[in-house]
Amino acid sequence: MLRAMSERAPPEFDVVIAGAGVSGLGMGIALKRDGKRSFVILEKANAVGGTWRDNIYPGCACDIPSNLYSYSFAQNPRWSRLYPTQSEIQDYLEHCTDRFGLREHIRFGAAIERAAWDDANAIWRIETSDGDIVTARAFVSGMGGLHVPHMPEMDGVERFKGESWHTARWRDDVALDGKRVAIIGTGASAIQIVPQIATKVAKLDLYQRTPPWIVPKGDKPVSENTKDFYEHAPALQQVARLATYAEHESHAVIFLNLPNGEGPGGKLARTYLERQVSDPMLRAKLTPNYRMGCKRVLISDDYYPALQRANVELITSGARAITESGVIDGKGVAREADVIIFATGFKPMDLISQVEITGAGGRSLNAEWASGPQAYLGTVVSGYPNFFTLMGPNSALGHNSMIYMIESQIAFVMDALARLDERGAAALDVKAETQAAFNEDVQAKLSRTVWGSGCTSWYLTPDGKNCTLWPDYTFKFRARTKRVREEDFEFT
Ligand SMILES: Cc1cc2nc3c(=O)[nH]c(=O)nc-3n(C[C@H](O)[C@H](O)[C@H](O)COP(=O)(O)OP(=O)(O)OC[C@H]3O[C@@H](n4cnc5c(N)ncnc54)[C@H](O)[C@@H]3O)c2cc1C
């Protein structure tokens, strides 16, 4: 790979990977197994895991079954539950780090602050917070799509005299037993936390703006027999994985094609709500008034029962402001709280906001992405040679496992690196017109899906543009990322 670089200053590595979450580790494993390129993973924290290291709130678990939410090449026959918990995924990622010999490639405590493409030498210069500069032929970002917590702009947050935190910064040192707790938000994290803490706290006030669509999860332990079976017959675990993948992919039919009426998913959710919540007033408060799927559909077996406890109050006007001693709701009613938990999600558009990325001719990715990020196949960006972004714009999903998408992107990166070698080229850069045509198509498709059906959601920019989701079947994404189409790129 370094052949074409012989006249130039040689870079320290062939590849620098940012982040040691599912993406960064997966990329590292692919490079390690290939064995042809030097690489380093720069991780700002002191452990691997990303999402599953950071989100340690009570009840944190994956919405995708264990067999599918794992690397395809590293099945774990001994998942304890149908849906993996945060700690089990974290253990799995630690295990994969050791199994594939990645630890020697990771620099912990290395927060990337700047990454700049050096036109003259055709290398990336990557600067970390401790002033180190690392150089590489290629720069792969695995910095995460849901990594930067979103804190609502709300009056008085700084005035609150009690303890408060975001769900992604959970405070284990503050016991919630017997306390008055306010949770702001009713998204994916909140519905996992509420059942876990409702039995401990004195009072739980849950501030809702919009109710989520919820379907049953059906979580259960995996029997010892099944674990033994998977251990002795890994091919059959792959078959089970494939069946789970196909089942999840079938949900895309509803999201992509906007059926008339609420469709089978909407009926299932409505019946579930009716069966679980007997009080018609509470049921009305929990009934969504937008199309199912427009916002992320949630799965839970224990959220509705927890809401019916005497010490839990659902406040449907949302939270308007924070005072020294509690929360004021949207109607102006104040309620006291000892602890406020912000279950307000993440900033998916802030893919790179904490890193200054400069491409060919000094162009700034942060400036170009200010009103919404854009890439080609969610992975490469025109004007940023040899730069790859895993879980990049329009590669996230509302219906299936992100690991499937991440593995597809990793295959694309590996193919791109191989093409550089084959051609003896220093760099490849996706053509601007290819990227523009791709994004036009993505936005046109999105406008015909449930995600473009008119609700507000974290998938959208403030201008209402969806820069988050892949608007098609995941197997189509896989097919398109299997090989780099050379005609889409300029090679130098
Ligand atoms: C609460 C929660 C639940 C989720 N549930 C599901 C689910 O059910 N199904 C699903 O498919 N997906 C789910 N996701 C999405 C999940 O984020 C992805 O599936 C996957 O874990 C993303 O991995 P990643 O490596 O791309 O990003 P992350 O896991 O976010 O990892 C990014 C890594 O980059 C590091 N990093 C960031 N910036 C820098 C920097 N400047 N310098 C150095 N290192 C840096 C971070 O410290 C982190 O370790 C969930 C996400 C969250 C937050």
Side-chain angles (χ1 to χ4, degrees), residues 16-28 40-57 59-66 68-71 83-86 89-90 92-93 97 106-115 126-130 132 134 139-150 166-170 187-193 217 219 245 248 296-300 343-348 350-357 378 389-392 395-407 409-410 458 468 470 474:
V16 164
I17 301 168
V22 172
S23 295
L25 294 175
M27 189 71 237
V40 65
I41 303 178
L42 303 179
E43 167 54 59
K44 70 176 175 181
N46 290 315
V48 301
T51 291
W52 307 105
R53 174 199 67 224
D54 290 345
N55 289 273
I56 54 162
Y57 60 77
C60 181
C62 191
D63 279 359
I64 298 289
S66 331
L68 188 56
Y69 196 81
S70 38
Y71 295 121
Y83 289 88
T85 59
Q86 168 272 329
I89 302 173
Q90 179 62 14
Y92 169 77
L93 293 174
T97 307
I106 306 177
R107 290 189 197 165
F108 289 111
I112 298 171
E113 290 195 333
R114 269 173 288 280
I126 291 136
E127 199 178 323
T128 57
S129 51
D130 50 13
D132 255 12
V134 182
F139 175 38
V140 182
S141 168
M143 290 188 280
L146 299 179
H147 177 64
V148 183
H150 166 70
H166 187 274
T167 51
R169 303 284 179 269
W170 193 262
S189 300
I191 75 151
Q192 293 182 333
I193 294 169
K217 186 168 186 175
D219 191 21
Y245 167 77
H248 279 74
R296 193 175 172 87
V297 176
L298 306 182
I299 59 173
S300 175
T344 41
F346 297 85
K347 295 182 181 176
D350 272 22
L351 290 168
I352 54 146
S353 67
Q354 295 169 334
V355 184
E356 202 182 302
I357 298 186
T389 167
L390 306 177
M391 259 191 87
S395 68
L397 300 176
H399 71 285
N400 214 328
S401 169
M402 272 317 298
I403 298 187
Y404 182 88
M405 298 299 272
I406 292 167
E407 283 192 18
Q409 293 181 295
I410 290 171
W458 60 262
T468 311
W470 171 245
T474 60

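Counting starts at 1 for both ligands and their atoms, following the listed order.
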Which word best sums up how the rings of H166 and F346 line up, parallel for under 30°, tilted for 30 to 60°, or perpendicular for over 60°?
perpendicular
Within the 4.0 Å heavy-atom shell around S401, which atoms of ligand 1 are there?
11 (O)
Select one of side chain, backbone, both or neither to describe which atoms of L42 lie under 4.0 Å from any atom of ligand 1, heavy atoms only.
backbone
Quick one: closest heavy-atom pair of D63 and H248, and the distance?
O-NE2, 4.4 Å
Does ligand 1 have any atom that is closer than 4.0 Å to a heavy atom of Q86?
no
Heavy-atom contacts with G144 under 4.0 Å: which atoms of ligand 1 show up? List them by number with element.
26 (O), 27 (O), 28 (P), 30 (O), 32 (C)
Are the side chain of Q192 and the backbone of A61 linked by a donor-acceptor contact shorter than 3.5 Å?
yes
Search all heavy atoms of L68 against all heavy atoms of S401 and return the closest pair with its distance.
O-OG, 3.5 Å
Heavy atoms of Q409 and T389 approach each other most closely as NE2-O, 3.5 Å
Counting both backbone and side chain atoms, is some N or O of M391 under 3.5 Å from an N or O of ligand 1?
no
Looking only at non-hydrogen atoms, the one of M143, K44, H399, E43 nearest atom 35 (C) of ligand 1 is E43
Report the nearest protein non-hydrogen atom to atom 3 (C) of ligand 1: residue, atom name, distance rounded to 0.1 Å.
W52 CH2, 3.9 Å
One residue to check: N55. Relative to ligand 1, which of side chain, backbone, both or neither has a non-hydrogen atom less than 4.0 Å away?
side chain
Give a yes or no answer on whether the side chain of T344 reaches the backbone of H150 with a donor-acceptor pair at less than 3.5 Å.
yes
Taking atom OG1 of T474 and atom NE2 of H399, what is their separation to the nearest 0.5 Å?
5.0 Å
How far is atom 46 (C) of ligand 1 from the closest protein heavy atom, and which atom is that?
H147 CE1, 3.4 Å
How far apart are the C-alpha atoms of L397 and M405, what are their side-chain angles, what is the distance that settles it, and do they pass the side chain to side chain contact (heavy atoms under 4.5 Å, CB included) test?
CA-CA 8 Å; L397 300 176; M405 298 299 272; 3.5 Å; yes
Identify the closest protein heavy atom to atom 34 (O) of ligand 1: which residue and atom is it, and at what distance?
G19 CA, 3.2 Å
Does the Q86 side chain pair with the main chain of C60, one donor and one acceptor, at a distance under 3.5 Å?
no
Determine, stepwise, if the pair Y404 / I64 fulfils side chain to side chain contact (heavy atoms under 4.5 Å, CB included).
CA-CA 11 Å; Y404 182 88; I64 298 289; over 6 Å; no
Which residue and heavy atom of the protein sit nearest atom 51 (C) of ligand 1, plus the separation
T51 CG2, 3.5 Å
Using a 3.5 Å cut-off on N or O atoms only, is D63 in polar contact with ligand 1?
yes
Who gets closest to atom 19 (O) of ligand 1 by heavy atom: F108, Y69, F346?
Y69
Sub-3.5 Å N/O-N/O distance, V22 and ligand 1
yes
Give me the residue, atom name and distance of the protein heavy atom closest to atom 42 (N) of ligand 1.
I112 N, 2.9 Å
Within this structure, what is the CE-CG distance for the pair M402 and L390, rounded to the nearest 0.5 Å?
9.5 Å
So which of G142, S23, A45, G109 gets nearest to atom 32 (C) of ligand 1, if we judge by its closest heavy atom?
G142
Got the closest protein heavy atom to atom 15 (C) of ligand 1, with its distance?
L146 CD1, 4.1 Å
Has Y92 got a side-chain atom pairing as donor or acceptor with Y71's backbone, closer than 3.5 angstrom?
yes
Report the part of E113 (side chain from C-beta onward, or backbone N, CA, C, O) that has a heavy atom under 4.0 Å from ligand 1; answer both or neither where that applies.
neither
Look at ligand 1 and say whether A110 reaches it with a heavy atom at a distance under 4.0 Å.
yes
Full working for side chain to side chain contact (heavy atoms under 4.5 Å, CB included) between I106 and L25:
CA-CA 9 Å; I106 306 177; L25 294 175; 4.2 Å; yes
Sub-3.5 Å N/O-N/O distance, M402 and ligand 1
yes
Could you tell me which atoms of ligand 1, counted from 1 in the order shown, lie closer than 4.0 angstrom to a heavy atom of R53?
46 (C), 47 (O), 48 (C), 49 (O)
Looking at ligand 1, would V355 count as a contact under a 4.0 Å heavy-atom criterion?
yes
Report the C-alpha distance between Q354 and M143 in whole Å, list the side-chain angles of each, state the deciding distance to 0.1 Å, and finish with yes or no for side chain to side chain contact (heavy atoms under 4.5 Å, CB included).
CA-CA 10 Å; Q354 295 169 334; M143 290 188 280; over 6 Å; no
For atom 31 (O) of ligand 1, what's the nearest protein heavy atom and its distance?
G50 CA, 3.5 Å
Ligand 1 atoms nearer than 4.0 angstrom to some heavy atom of C62 are 7 (C), 8 (O), 9 (N)
So, the side chain of Q90 versus the backbone of R53: is there a donor-acceptor pair under 3.5 Å, distance only?
yes
Note: ligand 1 atoms sitting under 4.0 Å from heavy atoms of I64 are 8 (O), 9 (N)
